[in-house]
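Here is the structure we will look at, set down as structure tokens.
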Amino acid sequence: MFKRIACIRISGGEIAHDAAEETPAAIFVNGRHLTTVILSPGEFEDFITGYLYTEEIIGSADEIESVRIEENRISVITKNIFRRVSVKKTILSGCGGAVSYIDTQKLPAINSDLVVTVPEIEAAVAALTTHKPLDAVALASGGRVVARAEDLDRHNALDRVIGRGLRESLDFSRTVAVGTGTVTSEMVRKCLIAGIPVLVSTGAPTALAVEVAEETGLCIVGFAGTPEMAVYTHAERVIELGA
């Protein structure tokens with residue numbers, strides 16, 4: 001996932017460091033080109049399983065008949081080979097494309113009684129911490145990481161751990177998604193599709209992410225692992241607040 005490259009410091013002297021590699025991958029489903037994505041190399045089967053699931057092209061890992069990984073190409077055959085597929089768009093444009101929003105009526109609401117503790121959140125964040133130049137995402141249960149992935153993009157990393165969870169039959173309603181960086185509305189959407197009730201990040205959420213999460217029952221925790229850690233939506237899912 002990394003390649004050693006040389007560079008020259010502004011202050012003087014040549015050094016080498018590990019640079020993240022990126023790979024374009026064309027996704028074909030049942031012989032039709034669906035889209036092309038840019039990924040970190042490796043573990044493409046986890047990614048494609050999670051991606052097809054969060055795009056609502058499949059409803060479970062069992063709906064995949066086969067996956068073939070080739071250079072710059074991921075080919076998937078589903079059990080229903082006659083189904084026409086396309087990337088699902090839940091972000092709609094207003095007049096003239098000036099306003100964008102997510103129609104929450106088209107998204108599932110969280111149906112889980114999961115509550116988490118602050119120590120569990122802190123333990124999961126500590127296990128996630130990475131010093132590599134990649135975004136990291138994990139699924140945790142009881143503060144213990146049960147699936148973890150890194151990618152150039154946090155959305156791809158989230159698809160990877162969701163894909164791993166599907167392949168290992170994890171109960172998403174009992175898990176917490178933990179990531180690095182800004183929490184976007186797209187990350188919220190993916191968690192809603194999977195039924196993950198809590199989304200934690202080391203960064204802050206966007207205003208749209210908070211709006212969608214509030215309407216759909218998802219708990220968002222931002223700035224996790226820092227003194228500024230805060231709960232933005234559905235604080236009833238986090239116990240020991242203020243303790």
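Just so you know, these numbers come straight off a predicted model, no measurement behind them. Positions are given from 1, in the same order as the sequence printed here.
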Notebook entry, point to check: Say you draw a straight line from CG of Asp159 to OG1 of Thr54; how long is it, rounded to the nearest 0.5 Å?
Noted result: 3.5 Å

Next item on the list: For residues Ser112 and Ser173, report the shortest heavy-atom separation together with the two atoms involved.
Entry: OG-O, 2.7 Å

Margin query: Nearest 0.5 angstrom please: Ile15 CD1 to Ile8 CD1, how far?
Written below: 10.0 Å

Check: How far apart are the closest heavy atoms of Cys191 and Ile110, and which atoms are they?
Finding: O-CD1, 4.4 Å

Item checked: Pair Leu52-Val29, side-chain contact (heavy atoms from CB on, under 4.5 Å): steps then yes or no -> CA-CA 9 Å; Leu52 295 182; Val29 179; 4.0 Å; yes

Margin query: Set out, in order, the CA-CA distance, both residues' side-chain angles and the distance that settles salt bridge (Lys or Arg N to Asp or Glu O under 4.0 Å) for Glu55 and Arg189, then state yes or no.
Written below: CA-CA 10 Å; Glu55 292 297 329; Arg189 186 188 72 82; 3.2 Å; yes

Next item on the list: Could you verify whether a donor N or O on one side chain and an acceptor N or O on the other, from Thr78 and Asn80, lie under 3.5 Å apart?
Entry: no

Notebook entry, point to check: Yes or no on side-chain contact (heavy atoms from CB on, under 4.5 Å) for Phe47 and Leu39, after CA distance, side-chain angles and deciding distance?
Noted result: CA-CA 9 Å; Phe47 167 78; Leu39 301 168; 3.7 Å; yes

Note to self: To check you understand the geometry: which heavy-atom pair defines the closest contact between Leu114 and Pro197, and what is its length?
What the structure shows: CD2-CG, 3.6 Å

Notebook entry, point to check: In terms of hydrophobic clustering (I, L, V, M, F, W, Y; side-chain heavy atoms under 4.5 Å; direct or indirect links), are Val231 and Met229 co-clustered?
Noted result: yes

Note to self: So, taking the atom named CD1 in Ile69 and the one named CD1 in Ile74, what distance separates them when rounded to the nearest 0.5 Å?
What the structure shows: 5.0 Å

Check: Does the side chain of Phe44 come within less than 4.5 Å of Tyr51's, by heavy atoms?
Finding: no

Next item on the list: For side-chain contact (heavy atoms from CB on, under 4.5 Å), just list the numbers for Glu63 and Lys79, CA-CA rounded to whole Å, side-chain angles, deciding distance to a tenth of an Å, and then say yes or no.
Entry: CA-CA 6 Å; Glu63 292 184 25; Lys79 291 185 176 178; 5.5 Å; no

Next item on the list: Say whether, by atom type as modelled, one donor and one acceptor occur between the side chain of His155 and the main chain of Glu186 under 3.5 angstrom.
Entry: no

Check: Of the non-hydrogen atoms in Met187 and Thr182, which two are nearest, and what is the gap between them?
Finding: SD-O, 3.8 Å

Item checked: Passing candidate, side chain to side chain contact (heavy atoms under 4.5 Å, CB included) with Ile38, options Asn156, Asp153, Leu152 -> Leu152

Next item on the list: Give the cluster check for Phe28 versus Tyr53: same hydrophobic cluster or not, with ILVMFWY residues linked at side-chain heavy-atom distances below 4.5 Å.
Entry: no

Note to self: What I'd like to find out is whether the side chain of Asp171 reaches to under 4.5 Å of the side chain of Thr175, using heavy atoms alone.
What the structure shows: no

Check: Considering all heavy atoms of both residues, which atom of Arg148 and which atom of Ala127 are nearest to each other, and what is their separation?
Finding: NE-O, 3.9 Å

Note to self: Looking at every heavy atom in both Val200 and Ala224, which two are closest together, and how far apart are they?
What the structure shows: CG1-CB, 3.4 Å

Check: Is there a donor-acceptor pair closer than 3.5 Å between any side-chain N or O of Thr233 and the backbone N or O of Ile220?
Finding: yes

Check: Should Val161 and Val146 be counted in the same cluster of Ile, Leu, Val, Met, Phe, Trp and Tyr side chains packed under 4.5 Å apart?
Finding: yes

Check: Just by modelled atom types, is the Thr180 backbone N or O under 3.5 Å from a matching donor or acceptor in the Arg154 side chain?
Finding: yes

Note to self: Please determine whether a side-chain nitrogen of the Lys or Arg among Asp113 and Arg174 lies less than 4.0 Å from a carboxylate oxygen of the Asp or Glu.
What the structure shows: yes

Check: Between atom OG of Ser75 and atom CD of Glu70, what is the distance when rounded to the nearest 0.5 Å?
Finding: 5.0 Å

Next item on the list: Return yes when atom CZ of Arg9 has more than 12 non-hydrogen atoms of other residues, nucleotides or ligands closer than 6.0 Å, and no otherwise.
Entry: no

Next item on the list: Could you walk me through whether Val238 and Val221 pass the side-chain contact (heavy atoms from CB on, under 4.5 Å) test, one step at a time?
Entry: CA-CA 9 Å; Val238 182; Val221 179; 4.2 Å; yes

Margin query: Using modelled atom types and a 3.5 Å cut-off, is there a donor and acceptor pairing between side-chain atoms of Asp151 and backbone atoms of Ala157?
Written below: no

Check: Is a side-chain donor or acceptor of Ser201 paired with a backbone partner of Gly203 at a separation under 3.5 angstrom?
Finding: yes

Check: Looking at Val116, Val198, Val178, which hits side chain to side chain contact (heavy atoms under 4.5 Å, CB included) with Ile121?
Finding: Val116

Item checked: Joint cluster assignment, Val176 & Val145, ILVMFWY side-chain distance < 4.5 Å -> no

Check: Regarding Arg68 and Ser66, is there a side-chain donor-to-acceptor distance under 3.5 Å anywhere?
Finding: no

Notebook entry, point to check: Does CG in Asn111 sit with more than 12 non-hydrogen atoms of other residues, nucleotides or ligands closer than 6.0 Å?
Noted result: no

Notebook entry, point to check: Is there a donor-acceptor pair closer than 3.5 Å between any side-chain N or O of Glu120 and the backbone N or O of Thr117?
Noted result: yes

Checklist line | Distance (rounded to the nearest 0.5 Å) between Thr216 OG1 and Glu211 CD | finding: 10.5 Å

Margin query: Less than 4.0 angstrom from a charged side-chain N to a carboxylate O is my criterion; do Arg160 and Asp46 meet it?
Written below: no

